[in-house]
Peer 1: 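One structure coming up, written as structure tokens, with questions to follow.
So you know, we letter chains A, B, ... as the sequences are listed, proteins then strands, and number each from 1. Any value given below was found using the heavy atoms of this structure, including those in side chains, with hydrogens, waters and symmetry copies removed. What you see is a predicted model; the values in this text were computed from it and never measured.
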Amino acid sequence: MVVSDHPATVTPVSSPAALASVAVGRPVRGEFTYVVPETLSGRLAPGQRVLVPFGRGTALGFFLGPASPPAEEGVNLKPIHRVLEESPSLPTDLIALLRFAAEHYRYPLGEVIRGALPPGLSKAEDEKEARPDVQHFAVALVAEPPPELRRAPAQAAAFAYLLAVGGRAPLDEVAHAIPGAREMLKKLATRGLVRLEEQVLKPGVREGLAQGRPELLTPEQDVAVKSLQASLDAGGFQTVLLHGVTGSGKTEVYLRAVEHALSQGKGSLVLVPEIALTPQLVGRFRSRFGSDVAVLHSGLKDRERLFHWQALRKGTVRIAVGVRSAIWAPVENLGLVVVDEEHDPSFKQEDKLRYNARDMAVVRGKQAGALVLLGSATPALESLENVRKGRYRLLEMKHRVDDRPMPTIELVDLRVERPRDGGPVTEEAPILSPPMLEAMRETVEKGQQVILFLNRRGHSTFLLCEVCGLTLKCSDCDVCLTLHRSASRVMCHYCGLATPVPERCRECTGPLLKLGIGTERVEAEVAERLPQARVARLDRDSATSAERVTELLAAFARREIDVLVGTQMVAKGHDFPGVTLVCVVMADTSLAIPDFRAAERTFHLLTQVAGRAGRGKDPGRVLVQTYNPDSEPVKRVLAHDFEGFALQELEWRRALAYPPFTRLAAIRLEGEHPEQTASVARMLGEFLSRRMPPPSVGVRLLGPALAPIARLRGRTRWQLLLKGPTHAALAPLLARLEMKLEDVPSGVKVTIDVDPGAML
DNA sequence: AGCACGCCGACT
DNA sequence: GTCGGCGTGCTC
């Protein structure tokens, strides 16, 4: 392909008073107008970073295009100081996307742009070439970890990671994932297990396509790939929803689509929920496309981030694989955007610019004229509705690769199958029912592996006073404290506060009962009931960092662990052929959450975790323990009935006027003083209700009401919810609200959350 | 975000 | 009598 050198899209400026629209990298709303000095006339291109006088001092700004004189009189227009680089940092399709995001999510454009740029470019400095001309690589020389590494767990972990990502990876990247990996890999090199290579990165020089490309596709994969190739050949924007059951080989379809885009000289952007949980997927991209891939994970150092940004911007690297924020990656000549596990809640950013990367992917595809491919085994209801409306095209893959059967899913009704009979509910009351224990025992005896899923970390999820019935709560938040026995602490999962375990009730000094089950306790119970099994736990507590996650997953993949107990972290897209049994310890936990998406989340989670079973040659089995066997998500998961669940849930959403049939915007308030916060909430509520469009438009205001978690970090929380038939129906109201926010006293923080993810 | 301006307590 | 607390307000 021709590497673009960004011919400057020069804006013709006619002297004397050419004006420029600039987004200032400060949390101020709107675009600012500056005078283009004669020295710069003809040298400005949209997307360039500029220095502008702002207030007292100087600020970083982004030139967006010519401006017309501001409407108000008496504004003293100042001149742009200077341009920070010749070739614009932002490609034009990104400018359009960022403008859309700022407008849609009601966030200052300058901040949106600054947040999208790598740290090296978001400060008011001249662009520096972050060009580590040589990059160090480690290459595995054997395909299996040799037994002599048993005695060197640190080296084994580094080696396992290297194998997991395809046998060849930049040293930097391994070192990010596993601390001390740099030294470990050097030791491994002296043992002759690893070769260290230096690679000089030159623009335009690439490795050929590497190995690992299966020749045979399943018939369904073949249909999907051909169809996507045809769409790419036809060119232009289109969104395709790839609905493929777990284990149907969606990743290979992504790879082929990316390959095809590459053959057309086009770049690709691939979004995944979490890099740490998907080393296998990253490895496949790396081994297929070599150094044509930039992997954008959360742990990149500033220099590395800048390096990748520049390589993508120049077109020397044409594929970006990354998490949510990679949606802003400056992929040149974008032909394809893939969003893997498009239903995943982690694509929604929950602070600052509250964007949804999946939705932005569709917008970006539209602006760049690219194909957008959304993939999932359990598509979001929003996406299904978009298919029904004809906005997205649907591709389905209903069978697993190699004709492997879907796992059988069985119910264990906890109301009937009491784990151990009767007695008072104490902390010793077991949670693993006889059938579940039996299945686990059998599986482990056969040398196969088990995943135990429970969506709650800690040991006991609440402490209840046996005498006065009070539960132990966080002093700063309106939630119960969780007992973490391994840390000998009670912890607040919302504010992070950890304190020693109280012996007795604070109020009446009565004894405390440890109730509610968490992963820590399940792990202990497995260890006790199946002493022969090697048990490990994977949750946010055991996996203190991304590296520990990788390590644990690698150990599980090497079959050094028989039973893996964990939270959602075990449910994501892993591919462990040894896993033949998946146990859901309690399907009910996510049902009780006061959120209109609770059922959908539960269904997604259960389906995803069930999908971990039977991915190898042996068939899989799933056991689901629940107190609510009649709940819709549980019943439908049991029957492998995604369509049925979706239909039912969509009907319910329509009846209650929730997305995807309406659009929402949440207005969240947070303040030190309960009365002040409440009064601001009422004030905003009145403001909005006085400005509601006529009832025929169908916009409704819910609240103000105390948030489900009414107090967090000592702050009182309120919320209001706007519902409308379309986003366009809500937008004017949100714009007016935003103006009104100027009148809110500084003691209360108000944020607007457009298309909110969760209602908490 | 900065960085002012602007009205009320402990110091030379 | 000043020096300075950080509460509100503006930045083309």
Side-chain angles (χ1 to χ4, degrees), chain A residues 11 13-41 43-84 90 95 98-99 101-103 105-125 302 349 351-355 669-673 675-677 679-680 683-684 687 714-715 735-752:
Chain A
T11 310
V13 283
S14 54
S15 51
L19 299 179
S21 184
V22 172
V24 179
R26 293 279 167 80
V28 289
R29 142 155 332 282
E31 297 172 20
F32 288 75
T33 309
Y34 285 86
V35 175
V36 180
E38 257 173 58
T39 45
L40 286 180
S41 86
R43 287 188 47 220
L44 278 176
Q48 274 174 331
R49 300 182 312 137
V50 293
L51 282 184
V52 290
F54 193 70
R56 265 299 109 173
T58 307
L60 174 66
F62 306 93
F63 173 60
L64 299 170
S68 36
E72 320 110 78
E73 287 293 303
V75 208
N76 175 34
L77 295 184
K78 294 177 181 173
I80 292 177
H81 266 4
R82 64 189 189 93
V83 179
L84 283 171
L90 296 163
I95 297 180
L98 293 162
R99 262 189 163 139
E103 172 71 22
Y105 293 109
R106 302 265 129 212
Y107 207 76
L109 179 57
E111 287 290 282
V112 172
I113 299 176
R114 223 159 59 93
L117 288 172
L121 294 181
S122 52
K123 288 185 281 287
E125 294 163 11
D302 290 2
Q349 169 125 45
D351 66 340
K352 294 183 187 162
L353 173 69
R354 295 169 160 265
Y355 65 99
L669 294 86
E670 212 181 88
E672 202 95 45
H673 309 293
E675 330 72 42
Q676 189 191 33
T677 315
S679 87
V680 172
M683 184 266 278
L684 294 180
F687 178 87
R715 295 171 174 278
R736 303 185 76 168
L737 175 71
E738 200 168 39
M739 307 288 237
K740 184 68 182 168
L741 294 188
E742 319 246 301
D743 301 348
V744 170
S746 60
V748 181
K749 223 185 113 202
V750 184
T751 50
I752 300 176

Peer 1: Taking heavy atoms of chain A and a 4.0 Å limit, find me the 5'-most and 3'-most nucleotide of DNA chain B within that range.
Peer 2: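 Under 4.0 Å from chain A, the extent on DNA chain B is B/dA1 to B/dA4.
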Peer 1: Tell me what A/Phe54 touches on the nucleic acid: a base, only sugar-phosphate, or nothing, going by heavy atoms under 4.0 Å.
Peer 2: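 Contact class for A/Phe54: base.
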Peer 1: Measure CZ/A/Arg29 against C1'/C/dC12 and give the value in whole Å, please.
Peer 2: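 Going from A/Arg29 (CZ) to C/dC12 (C1'), I get 16 Å.
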Peer 1: Between P on C/dT11 and CG on A/Leu77, what's the gap in Å once rounded to a whole number?
Peer 2: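 That distance rounds to 12 Å.
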Peer 1: Restricting to non-hydrogen atoms, name the atom on A/Pro79 and the atom on A/Pro53 that form the minimum distance, rounded to 0.1 Å.
Peer 2: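 A/Pro79 and A/Pro53 have their closest heavy atoms at O-CD, 3.1 Å.
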Peer 1: Given atom CZ of A/Arg56 and atom C1' of C/dG9, what is their separation to the nearest angstrom?
Peer 2: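 Rounding to the nearest Å, CZ of A/Arg56 and C1' of C/dG9 are 14 Å apart.
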Peer 1: Looking at A/Ser746, I'd like to know whether one of its side-chain N or O atoms comes within less than 4.0 Å of OP1 or OP2 on C/dG7.
Peer 2: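 So the side chain of A/Ser746 is outside the cut-off, no N or O lying under 4.0 Å from OP1 or OP2 of C/dG7.
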Peer 1: Taking atom NZ of A/Lys78 as the centre, report whether more than 12 heavy atoms of other residues, nucleotides or ligands fall under 6.0 Å from it.
Peer 2: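 Correct, the count exceeds 12.
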Peer 1: Would you call A/Glu111 and A/Arg26 a salt bridge, taking side-chain N to carboxylate O under 4.0 Å as the test?
Peer 2: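 No, this pair does not count.
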Peer 1: Rounded to whole Å, how long is the line connecting atom CD1 of A/Ile80 with atom P of C/dT11?
Peer 2: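 After rounding, the gap between these two atoms is 18 Å.
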Peer 1: Once rounded to the nearest 0.5 Å, what's the spacing between atom CD of A/Glu675 and atom OG1 of A/Thr677?
Peer 2: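 With rounding to 0.5 Å, CD (A/Glu675) is 7.5 Å from OG1 (A/Thr677).
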Peer 1: So A/Pro53, base contact, sugar-phosphate only, or nothing? Heavy-atom distance under 4.0 Å.
Peer 2: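 Since only primed, P, OP1 and OP2 atoms lie under 4.0 Å of A/Pro53, the category is sugar-phosphate.
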Peer 1: Any chance you could measure A/Thr751, atom OG1, to A/Asp351, atom CG, to the nearest 0.5 Å?
Peer 2: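 So the gap between those two atoms works out to 10.0 Å.
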Peer 1: CZ/A/Phe62 to CZ/A/Arg114 distance, rounded to the nearest 0.5 angstrom?
Peer 2: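 The CZ atom of A/Arg114 is 7.5 Å from CZ of A/Phe62, to the nearest 0.5 Å.
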Peer 1: For A/Pro70, which contact category applies under a 4.0 Å heavy-atom criterion: base, sugar-phosphate, or nothing?
Peer 2: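 Result for A/Pro70 = nothing.
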Peer 1: Measure the distance from CG on A/Asp743 to P on C/dG7 and round it to the nearest whole Å.
Peer 2: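 Those two atoms, CG and P, are 20 Å apart.
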Peer 1: Rounded to whole angstrom units, what separation is found between the CG atom of A/Leu19 and the P atom of C/dC12?
Peer 2: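 Atom-to-atom, A/Leu19 to C/dC12, this comes out as 14 Å.
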